[in-house]
Student: 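Pasting in a structure now, in structure tokens, and then I'll have a few things to ask.
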Amino acid sequence: MGRSSKDKRDIYYRLAKEEGWRARSAFKLLQLDREYNLFQGVRRAVDLCAAPGSWSQVLSRKLQGDGVKIVAVDLQAMAPLPGVIQIQGDITKVSTAQEIVRHFEGQAADLVVCDGAPDVTGLHDIDEYIQAQLLLAALNITTHVLKPGGTFVAKIFRGQDVSLLYSQLKIFFSEVTCAKPRSSRNSSIEAFVVCCSYSPPDGYVPNMSNPLLDHCYDVNFNQLEGPNRVIVPFLACGDLSAYDSDRTYPLQLDPEKEYSYTPPAQPPISPPYQDACFLKRNNLLVREREQTPAGTPASSTPTHSLGAEGRSAAESRVIEGVSGLTV
Amino acid sequence: MQSESVLLLSPITALQFVGDCLLSGEGADVHVYTLSPASDSHRAITRNVLRNYCIHGIKPQPGSHTQAHGSLLAVFGAKGLIVLQLCVRDEGPDLRETGQLRELHDWIWDLQWLKGDHVSNVYFGLALGHNSVVLYDYEAGNALREIHCDEKCILYSACFVGCSWAELVLVSGTVFNQLVIWRMEGPTDPGGRVKTAKRIIGHNGVIFSISYLESKGILASASDDRSIRVWNVGNLLHNLGAETSGAASVQCLLKLYGHQSRVWSVKLLEDYIISVGEDSACIVWDYSGEIVNTFKGHKGRSVRALAVNEDQGWVVTGGADSGIRLWTIKEKESEDLAITQLNLGDAEKPKMPKAVKLVDQTRLLVMTDAGGIYCYHLASKEWKLLLRDPSYQSYSLLEVTALPNGSGLCAAGNIKGHIKIFLISNPGDAVERMVYRGKVHSLDWVWREEDRPGMCNLFSSGPDGALFWWAVSWEADRVTSVVASCRYSLPLCKQRWHTSAAFLPEGDFLVCGDRRGSVLLYPCAERPSPVAAGEPGGLDPASRWFANEEETTGAREPASALFGLHGKLGVTSVLCHRGFVYSTGRDGCYRQLRLEHGALRVQRSQRAGGGMDWIERLLLTPGGELVVLGFHATRLVLTSAGTGETLRSIACGGGHRSWSYACSARGETFAYVKSGDVFLCQATLRTPTCRPVVKESLHGREVTCVRLVERARVSGTGPVSVLVASSEDTTLSVLAFQETSGSLSKLTTIGDHISSVRTVAVARAGRGLNRADGEGSGARAVLFSAGGRAELHCCQLLIGRDAVRAGVSCEVAHLASHRLGEEWERLKNRHRRKKTDPETRYMSIAVVDDGIDQGGPPMYFLAAACSDGGVRLFMMDEGQKKILLLAESFYHQRCVLKVETFKHQPTTGQSGSVFLCSAATDGRIVFWDLTHTIERARREQSICDKVHQPWELGAPCFALKSHQCGINSLQVRAVGGERYLVASGGDDNALHVSVISVGTPSRCPEPGQRDQASVRLIRQLRVADAHSAHVTGVRILSSEILASVSVDQRLTHWRLSEAGVGFLQSKHCHVPDATDLDSWEAEGRGSRYFAICGQGLQIFHSHHIE
């Protein structure tokens, strides 16, 4: 398996590289827009948890015209993008919300998007919880910057308690749908909430001093195992004639055009595993000590390490006739 | 209707020692294991305590342990919390709930028992998800106080220090890669939040685990950046208050990089640091930062849970593979493996060793380049020259076998064709003969049970594939005769000599492995007559060697040959064990063979764990387990064939040099030549004080598919359901679920796939598959499995009775395999043909039941849903053991996710039709009439013999749009008349049910036209929001009841009526990422079992399904 094998398995990964997107998730926002016309009339947009920046890329390509402002927020550094104002900050801080509004010259945003996801741990309940907290933090800052009637789009994990999140979102938005772009893999738990017509409850004052929390099941109503879950409509987005993210395509998509490998548009900036990978590559990770031979008491010659990789000339001599298998 | 969980295998998320008991958190269940070697049953009790929450921590109340009342335990996970009482009595442990399940408003990362004002009250400190701490009155179910830290963010871990509210300190691991230390009673900011007392910055990733050791005043953190760091924080209870918030005061003592991936958990002990990680390793570090031990035994990726019993020196680890392992912390120096360098070349020692052979555990023979043979006594460390013969210098072979009388029988061969045979006890009296006119290529001692005492068999290979069988007899201290028993001819090839031989216990056959990789079966000659004619007193060495001209001229050919079975690098050993022949080879495989009608047949082909690329031998442990001995790069590796676990690994330089291995009940010895010297590794076998496997693992990665194979009635244990599960870890497992006890045991693992296995199908219509009467003879099933890299395998399962293990046994025989790329590779004009992409994944397969049994070896038809947009139909001819790609269609033009087949038999006595349904990512279900394709395949008998260009599957006869996007589950079931129910679950959270009717094809089709059956839609029902995530399993239980399972972790029952599809009941299940559902009937009316797989496996039992 070479470097092209991921190109074969994942068509959108390949297309993203070929079209210059920083990540394949760019197609997800494009397909969501096709269904919901998210960008119509939008002049001020916020991209939360923006790194590596593919959604900001989509916003900057799709939102054209005078007075369009795009603000991208992330804790991590992100390679600059033309037409996108970057804030390296924490979305749980009021100061970040204030900075966004300052860039919009005191006006509220028309659209807030968030494609942020934690590095998954593999333990489903923890991953779903952390993702939910991320979404709620995004929702909280959104209540500070979004204009009434505005739109909020965010990634969710459809897990065992996703209906608790829906009920929280429905307090703030009159229309909440769960959307799955066709570029998102069929079997992945990822989906997107598209929340339209921002209308906070009467008297709601945006507040970041305490985190928004997701709801708890009402034990008495047995929502956990009963039918009365909070449900939002589901919509699959994207053209059916578009590429299928689950399908394996041959490398040569177009008979006219020879396949050639394209490197990723934007490799990750300082991932957590950077140091560890450097050590691993250079064989510097701590390893278990190899058992060393003890010198025979009779001769008491100093022992030498068996783990040493160096080989003497005598050692490289192949002894003939071992098990009758050598030539 | 009632449903209850009867079995759950899920990732182990919490472990805790309480006295002699080990408690584990598996989903919402607490299991109690007793770890004394005496107890027969490990798992004492299981109890679901946290309902839908997964257990992440178990904390006993400090000092609460009393003989009378046992221990109080707080069990918590996610937002739930409960207190249990554990009592250990003579009859076993007992677990009781002492209060209610309490639910918090946020995630609980850590819990601390607090000393309250009243002894009877239970107060907890609870560290919550957003860096706040709650003082919680458990009995009242009240949060008395909630304190927030000024660092407000999401946490990934937290660790309490202190046992009263006044002194309580929290160390929190934040989403910003920092450790934040704050005291509940610390100074607050104007907003009422407690100020951070210490902030530790250094990690490059989030913190997954924190451990504090009060005696040393140190803190350890495990991180996403794959490191463990140890910090010198001082005593957090006493020193914290005095200091101001200073980051500079915390010094990093150790930065430990040793895990290959993320580190999930860390624990500080007085002498060691223990960590577990995503690389499935448990590492024991010392405080100098060196690795003392690495424990690897869990399958797949993650080891999550960790507990230590310092008194016993025990570490237990719990994996995502749902297994629990027990390890002993032990310094390497005191370990039982000793390596000795013999320092050859010193005075009075042999020089230039060429070959080493262990006679047994006490003696080693060394042959030198100068033709000397020495014996080394391992105990006395003394060398003795046995003999020296210059004609054996520079090229020589040496083979030895231990004799019952303590001596050893030795054979040496040289380049001129001489073979010398002698006893170690009397090397001067050697028997020698020139057997070949050229090099002796190989020698081999083989014992045979029926031989009289004082006799052994030597096999020798010389030039031109001449293999001789010599019967060697000895008496007391001398070899009395060497008689030629038979001469065999090896198959023609360049390197034409044997490498190993073994006698079959029955039928007088000899099995040989050769250098070309072939396994050969030879008939044995008549028993060689005892050498009455031989003059035992002859002093001339040659006079005792009898070579009968007649027997040496007529060379026998093999009765059966598996040419090149182990590839060009050769067979390394053959072994007969329990009615099977096992062969090993340098192709990295070991194979199980069976003698059938006078010929050898490959039953199974297996690879050893740990990527062994060169297998030398299979060893039998006293317990009857198989151990694989081989080489991996420059190391000798011993792995267990059953678990694939590495038992020993020695850096010997590789197997190309001379080596020898001997083992007995006392220990094992390995000798090898390296750097012109001889090395000895000696290990004593440990007597285990407790069982190292506390709980058997299931699969290392996600379970993708589960199917019932057979439900057998076993006298004594009650009904046993035999299931097969496939996994992304590239293996399949056959499992026995005992319905009465609710226990599950693994019967066997099938590891034929090189990529992940996504789907399995069981042929239920095979001959000999006697499903009705499980009590009699064993049952037979044909199992198909498919997955990544367009791989398809088929094997036969024989389910039999086994009184010892689980009541049933399962014997696996490989039948056939297929890979898409393979056909293209075989084509002569392949450059002109498009290669089928080998990255194609098989998403789902289904066996076509056409109900035709024509006698003779059965044919099976198999439909596959393919990721390249294809629907493919395969034919498996059991007689020829071949899978053929019969027909295909790319109609869908999208990834096909599911296939399902059904047979329509009209009531009017006409011939039936066979249908295939395929469902793709566009939410459409397409129906195909396979009748003609299958009839045509059955007519064209010779289709398997030639290169077959796959037929076109033709046009589908009906299509149904049932979902917005991908269809993840599909089932079709006849409901009487001409009607069928088609149920599907989609990625759009919906459940779709349609009723279709199948029309009989017109009796007189137009000339030249094929008559296709017609499919008509009668009714379409839909539950748009059946689940809140994708529906991955659906089963039609009757014409009125359906069951579905989803990633939202609910198993839901539905009722189908005139009014539509109605909700009946829903059960929370503890298998995340559910991938599949199967269901089968149990004893009693309306009683059923449901198996859900995903990240684990759960079985539910439902009663009174109307």
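Proteins get letters first, then strands, A, B, ... in listed order; numbering begins at 1 in each. Remember, predicted model here, so these are calculated numbers, not experimental data.
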Student: Does the side chain of A/Ile189 come within less than 4.5 Å of B/His1030's, by heavy atoms?
Tutor: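 Yes, at least one pair of side-chain atoms sits under 4.5 Å.
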
Student: Could you tell me which of A/Lys93, A/Gln133, A/Lys180, A/Gln274 has the largest number of non-hydrogen atom pairs under 4.5 Å with chain B?
Tutor: A/Gln133

Student: Using modelled atom types and a 3.5 Å cut-off, is there a donor and acceptor pairing between side-chain atoms of A/Arg287 and backbone atoms of B/Ile291?
Tutor: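 Looks like no, no N/O pair under 3.5 Å.
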
Student: Do B/Thr921 and A/Asp244 have side-chain atoms, one donor and one acceptor, less than 3.5 Å apart?
Tutor: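 Yes, because at least one side-chain N or O of B/Thr921 sits under 3.5 Å from a partner of the opposite role on A/Asp244.
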
Student: When rounded to the nearest 0.5 angstrom, what is the spacing between CG in A/Asp119 and OH in B/Tyr156?
Tutor: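 OH of B/Tyr156 is found 7.0 Å from CG of A/Asp119.
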
Student: Is A/Thr121 close to chain B through its backbone or its side chain, or both, or neither, when contacts mean heavy atoms under 4.5 Å?
Tutor: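 For A/Thr121, heavy atoms of backbone and side chain both lie under 4.5 Å from chain B.
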
Student: Let me confirm one number: the OG-NE2 distance from A/Ser163 to B/His1027, rounded to the nearest 0.5 Å.
Tutor: 12.5 Å

Student: Side chains of A/Arg158 and B/Asn989: closer than 4.5 Å at any heavy-atom pair?
Tutor: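 SC-SC contact between A/Arg158 and B/Asn989 confirmed.
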
Student: Between chain B and each of A/Leu134, A/Leu123, A/Leu284, count heavy-atom pairs under 4.5 Å; write down the option with the most.
Tutor: A/Leu123

Student: Quick one: what part of A/Ser184 sits under 4.5 Å from any heavy atom of chain B, side chain, backbone, both or neither?
Tutor: neither

Student: Do you know the tightest heavy-atom contact between A/Gly122 and B/Gln1095?
Tutor: O-OE1, 3.3 Å

Student: Donor-acceptor pair, A/Arg247 side chain versus B/Gln893 backbone, under 3.5 Å?
Tutor: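 The answer is yes, because a donor-acceptor pair under 3.5 Å joins these two groups.
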
